[in-house]
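Heads up: the structure comes next, in structure tokens.
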Protein chains: 2
Amino acid sequence: MGKKNKIKNKKIRNQINQAPLTAVDVVIFTVEEKILKIILIKIKSGPLKGMWAFPGWRVKIHETLDKAAARELYENTTIKNAYLEQLYSFSSVKRDPVGRIISVAYLALVNFIDAKLKTSSRYLDIRWFPVEQIPRLAYDHKEMLNHALERLKNKLEYSNVIYSLLPRKFTLSDLQKAYEIILQKKIDKRNFRKKILSLNLIKKVGEKRGEAYRPANLYSFKKRKFSVAEIF
Amino acid sequence: MGKKNKIKNKKIRNQINQAPLTAVDVVIFTVEEKILKIILIKIKSGPLKGMWAFPGWRVKIHETLDKAAARELYENTTIKNAYLEQLYSFSSVKRDPVGRIISVAYLALVNFIDAKLKTSSRYLDIRWFPVEQIPRLAYDHKEMLNHALERLKNKLEYSNVIYSLLPRKFTLSDLQKAYEIILQKKIDKRNFRKKILSLNLIKKVGEKRGEAYRPANLYSFKKRKFSVAEIF
DNA sequence: CCAAAAGTGTTGGGGATACACCCATGA
DNA sequence: TCATGGGTGTATCCCCAACACTTTTGG
């Protein structure tokens with residue numbers, strides 16, 4: 001190996017050593033059985049093998065962050081069109097013991113029925129966890145979760161994002177419960193209905209849902225598309 | 001050069017070619033002469049030479065994004081402790097004609113008196129520009145500016161960040177003007193004073209500021225530290 | 001005494017909150 | 001007929017917005 005090549009090689013190595021790599025991690029929320037849940041995966045190798053973390057992967061050279069997050073969501077849930085939003089970029093120098101990796105966190109909201117967890121050779125395991133029963137997380141993912149929860153709560157209060165957590169048809173009680181679960185507070189039924197209906201975002205469909213007792217009216221969102229409006 | 005080395009070299013190259021690099025860009029706001037201004041630099045080389053853009057640079061291997069942004073701010077203004085907040089990460093594949101670079105945008109608020117623009121060999125020029133008179137910007141920096149303005153306006157309405165745009169002592173009229181400049185709307189004087197004083201964030205100091213006519217009371221923030229509160 | 005900016009209160013409306021009872025259905 | 005969740009209306013409060021005149025100073 002010639003001296004010239006040695007130098008070139010060293011230069012390239014330096015470039016790698018001086019440049020943090022970038023990854024995307026996705027915090028995927030759903031509501032099921034009156035519980036707010038997230039997807040965690042079990043790390044397959046490296047010093048953190050066996051720990052739980054959010055699904056995530058390096059950003060490829062030809063894809064945007066949004067695309068990377070959407071890919072990650074799809075590969076784990078088979079969901080293609082969920083609500084997906086960039087959260088924050090995490091960059092502690094020591095956050096990943098393997099190397100210098102900056103992680104751009106994303107927030108995803110999916111409805112439980114559509115989300116089919118897909119086991120992947122990349123992970124040892126993948127599961128839904130209630131937000132209230134989270135194991136110790138790898139990296140700085142606990143912090144990431146806190147950011148995500150904060151953002152979710154805020155977003156709920158000034159937008160209609162909650163539509164993405166619910167099935168197409170739902171009762172007003174379902175909707176109220178979803179709000180209560182995420183915001184972690186009781187809401188007055190009458191005030192809730194007044195407010196929601198006055199926003200004109202949902203419409204009745206047909207009177208089903210007579211599981212027992214008096215059947216409830218079913219509603220659906222007029223537009224299943226993110227929009228900002230005063231909600232609570 | 002042996003075959004083994006060739007392969008190794010190729011592998012390293014691939015690693016570079018497959019990994020987007022990460023940079024930080026800082027949108028630095030100030031208010032001067034009743035005008036909202038930002039710092040722009042003129043690009044020194046490459047295909048975008050001569051165009052204006054936000055100051056920014058690659059993230060070093062040993063620094064966090066916050067540190068990189070603070071460094072960038074310091075190198076351009078000599079300011080060490082301004083309000084600095086991560087905005088958003090931009091990642092279009094073609095945003096930089098030179099290569100694949102993801103940019104994490106930061107928002108900085110400085111007061112004009114403290115900010116001494118420092119010419120750097122990295123740029124052809126550096127200047128304050130009124131937000132209303134911005135030249136065509138390089139990269140996706142126009143979009144970045146829009147995000148920054150949006151964030152600034154929102155932040156103003158639910159926090160005390162504006163302290164970082166003002167000198168230590170100011171009159172209520174100064175404060176009101178700053179709000180009006182950024183929010184781009186007239187505010188009623190009596191309602192403004194009622195609201196601001198009720199928040200208990202500022203206190204009187206001494207009655208100066210008698211430039212002409214009736215002298216105004218000077219105020220200062222009780223805490224020059226970011227905090228969230230309902231404002232407007 | 002005049003010009004210019006500083007300073008000061010009251011009123012009305014809208015949205016949020018608090019609160020309790022009747023209704024429809026299945027068993 | 002009863003148990004269960006579905007569904008409805010009113011009174012109050014507080015925050016925000018609208019609005020105009022007096023005060024203090026320098027020249």
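A, B, ... follow the sequence lines: proteins, then strands. Residue 1 opens every chain.
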[X] [atom1] - [N] [atom2] separation (whole Å):
X: B/K185; N: D/dA17; atom1: NZ; atom2: P; result: 7 Å
X: A/L199; N: C/dG15; atom1: CG; atom2: P; result: 11 Å
X: A/K189; N: D/dT8; atom1: NZ; atom2: C1'; result: 9 Å
X: B/I196; N: C/dG7; atom1: CD1; atom2: P; result: 14 Å
X: A/K194; N: C/dA16; atom1: NZ; atom2: C1'; result: 8 Å
X: A/E157; N: C/dA16; atom1: CD; atom2: C1'; result: 13 Å
X: B/F192; N: D/dA18; atom1: CZ; atom2: P; result: 16 Å
X: B/L172; N: D/dT24; atom1: CG; atom2: P; result: 17 Å

Between B/F192 and B/Y179, ring centroids under 6.0 Å: yes

Earlier contact from the 5' end, DNA chain C, for B/N217 and B/Y213: B/Y213

Backbone of A/I38 reached by a side-chain donor or acceptor of A/R127 within 3.5 Å: no

Closest nucleotide of DNA chain D for A/R214 versus for A/R190: which of these residues is on the 5' side? A/R214

Of A/D188 and A/P215, the one whose nearest nucleotide on DNA chain D sits closer to the 5' end is A/P215

Could you tell me whether B/E180 and B/K34 make a salt bridge, using a distance below 4.0 angstrom between a side-chain N and a carboxylate O? no

Below 4.0 angstrom from OP1 or OP2 of C/dG15, is there any side-chain N or O of A/K195? no

Looking only at side-chain N and O atoms, does B/N191 come under 4.0 Å of OP1 or OP2 in D/dA18? no

Using the test side-chain hydrogen bond (donor to acceptor under 3.5 Å, both in side chains), find all partners of B/S103 that sit at least two apart in sequence or belong to another chain. B/D25

Derivation and outcome, salt bridge (charged side-chain N to carboxylate O under 4.0 Å, His left out), residues A/K67 and A/E72: CA-CA 8 Å; A/K67 282 259 174 61; A/E72 197 60 33; over 6 Å; no

Using a 4.0 Å heavy-atom cut-off, does A/S173 contact any base of the nucleic acid, only the sugar-phosphate backbone, or nothing at all? sugar-phosphate

